[in-house]
Structures are given as structure tokens and as C-alpha cells.
Amino acid sequence: MMKIVKNIWLLVCMMLMLSSVSMACYAKDKPAYKQYPWSFTGLFGTYDLPSVQRGYLVYRKACASCHSVQYMRYADLQQMGLTLDQIDKIAKTDQVLDGKDASGKDRYRPATVVDYLPAPYSNQLMAKSVNAGKVPLDFSRYGQGLRKQADYIMAILMGYQNPPAGFKPDQEGMVYNRYFPNHQIAMRSPLIKDGVKYPGGTPATIEQQAKDVTTFLSWTAHPHLIERHRIGIMVMIYLAFIAILTLLVKRKVWSNVK
Ligand code: HEC
């Protein structure tokens, strides 16, 4: 018996050693991301709507010139706590394509709440030609991976550091990023301190903007998360109630049977 226990113990130790060695090798190439306490993870996860709203401001100011959110209409911004009147005002400040004029040129008009948010490039070739051959991805579903994805986006946004000595990009237009695969990315650091003016005096540090835009990206991919969790909790309370009721009824029905 003791021998079996000893062998199992030895096996567990070996497995632990192996896994730490492989993790160390992995970590060497891919540094671990910092983990943030996101409000939207876990069973009771919910979105901090003021942060989502600030994130939208950051997105429009610092990301929308390259990354689209092609499935989002202005009206969807209601889910982040804005009224249709507020959204109407935001929409009017943007111009969207409205067919051609008499001479065949693109015609534009102010957006309305039913329009989709404008895309930065009309096609992928155009996007590639100005981004070192890479296409800035669409953000509609990008934040879907909740915690992991949010930590990854944060890592990329905060990962612009001084390159180590001898760093040489593979091609022109690539810059050093500690967390992007291969440590080089075709996106320059998109955030600058106070690059956006927040309402209510929240200081717009780079980290704050990064957190807010990451929250916005997660929300964009899960606009119904709050509602879904609320319904989930109600269903669980209901099921617990039914379970207790069933138990009580069962006891009552069988109480005469010894
Ligand atoms: C000037 C254009 C430009 C702007 C502005 C820009 N990006 Fe990018 N972004 C790119 C390009 C191009 C890539 C692809 C990089 C690559 O593949 O090397 C990229 C990649 C990314 C990635 C990594 C995607 C992956 O492959 O995993 C993230 C995250 C990201 N951008 C987030 C943002 C956020 C958030 C903002 C705004 C705060 C932003 N970007 C602003 C051009 C831009």
C-alpha cells in the first residue's frame, strides 16, 4: 500500500516539475499578462456602464479611424444607458454614405439612429495599403472571450515599451510590443494621455483609457450580458423555490408511511 502511495506521490511531483518547466519555456517567449478585476466576468458579472460610455469615446477618438464595429447601429448605444435623444445628437455629428450624386460622386449625409457606425475603409485592400500590409480587425465580436480577451487587449495597449537592445522589425511600419506575437505589431500605440476628454473629470490616463475601451469592446461583443445574467439569477431562484416546495410536498404526502 505504502509503495503505491509513494509511486503516486512521485508521479505527481514529476508532473508538477514538467508543467513548471514547460510553463517557464512558454513564458519566456510569451510574457504573462497582468490580470485585471473586470466587473463583467463570473456568474454575476455586469458592465460598469459609465466605463462602457467612456470606452465608446476612446474608441471613436483613438480606434475608429482604423477598426470598424460593422454590426453596431447607433440605436444599439441605448444598451449602454444612453437615451435616443442623446444618441441622435451623437449620430448627427457623423457623416454616412448616401448613394451617389448627379455626377456619380459619393454623397454623404448626417447619420441617424438607425444607421450603422461608419467604417474607416471601404475595402480590405485600402486598409492593408496604409497599415504595413495588415488589416485592422473589426471589433464587433472581438471582445467575446471575456476575461482572457480583456486581459489580452489590455496587455497589447499597455505593451508598448522600449524595445530590447538589438530589436529589429521584420519590415517597415512594425513597432515593438511586449505582448503581441513575435513582439512586433503594425499598430502604433493608439492611446495618448488626455487624448480624450472624459465627462465628470475622470482622469484620462493611458491605463484608464485602455480599461474603458477594453470594457467597451467586451460590451460590444456581449450587449445583452447584464440582461442574461439577471434572467439566469431569476431562473435559479425560481428553481430553488420549486425544489424546496417539491421537498415539502413529498414529506407531507409520505408522512403517514412509516
Ligand atoms: C492607425 C490604425 C490603427 C488604430 C488607430 C488602432 N489600431 Fe489596432 N490595429 C491596427 C492594425 C493594422 C492591427 C494589426 C496589427 C498586426 O497584425 O501586426 C491592429 C491590431 C490591434 C490589436 C491586436 C489584434 C490581434 O490580432 O490580436 C488590438 C487589440 C487592437 N488593434 C486594438 C486597438 C484599440 C483598442 C485601438 C484604439 C484605442 C486601436 N487598436 C487603434 C491598426 C490600428
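Only a predicted model underlies this, so the values are computations on that prediction, with no experimental measurement involved. Counting starts at 1 for both ligands and their atoms, following the listed order.
Between the side chains of E207 and Y36, at least one donor-acceptor pair of N or O atoms lies under 3.5 Å. A side-chain N or O of S218 and one of Y47 form a donor-acceptor pair less than 3.5 Å apart. Side-chain polar atoms of D138 and S140 form a donor-acceptor pair below 3.5 angstrom. T215 and D212 share no side-chain donor-acceptor pair at under 3.5 Å.
Heavy-atom contacts of S65 reach the following atoms of ligand 1: 5 (C) (cutoff under 4.0 Å). Near L191, with a cut-off below 4.0 Å to any heavy atom, the atoms of ligand 1 are 38 (C). The atoms of ligand 1 that sit less than 4.0 Å from any heavy atom of A62 are 5 (C), 37 (C), 38 (C), 41 (C). In the vicinity of Y152, heavy-atom distances shorter than 4.0 Å reach the ligand 1 atoms 25 (C), 27 (O). Those atoms of ligand 1 that come under 4.0 Å of a heavy atom in F139, given as number and element, are 32 (C), 33 (C), 34 (C).
Using a 4.0 Å cut-off between a side-chain N of Lys or Arg and a carboxylate O of Asp or Glu, K100 and D106 qualify as a salt bridge. Remark: K92 engages D88 in a salt bridge, criterion side-chain N to carboxylate O under 4.0 Å. With respect to D48 and K211, no salt bridge is recorded, no charged nitrogen being found less than 4.0 Å from a carboxylate O.
Within 6.0 Å of OH in Y71 there are 12 or fewer heavy atoms belonging to other residues, nucleotides or ligands. Annotation: Q161, atom CD; neighbour count of heavy atoms from other residues, nucleotides and ligands within 6.0 Å is above 12. Dense packing is recorded around CD of Q171, with more than 12 heavy atoms of other residues, nucleotides or ligands lying under 6.0 Å away.
An N or O contact shorter than 3.5 Å is missing between V58 and ligand 1 by distance. Taking any N or O of Y142, backbone or side chain, at least one lies under 3.5 Å from an N or O belonging to ligand 1.
When non-hydrogen atoms are compared, ligand 1 lies under 4.0 Å from the side chain of F180 (C-beta onward) but not from its backbone.
For atom 12 (C) of ligand 1, the nearest protein heavy atom (residue, atom name, distance) is N131 CB, 3.5 Å. Looking at atom 18 (O) of ligand 1, its nearest protein heavy atom turns out to be A186 N, 2.9 Å. Protein heavy atom nearest atom 14 (C) of ligand 1, with residue, atom name and distance: K134 CB, 4.1 Å.
A perpendicular orientation is assigned to the rings of Y179 and Y33, their planes being inclined by more than 60° (bins at 30° and 60°).
Counting only protein N, O or S atoms, 2 lie closer than 2.8 Å to atom 8 (Fe) of ligand 1.
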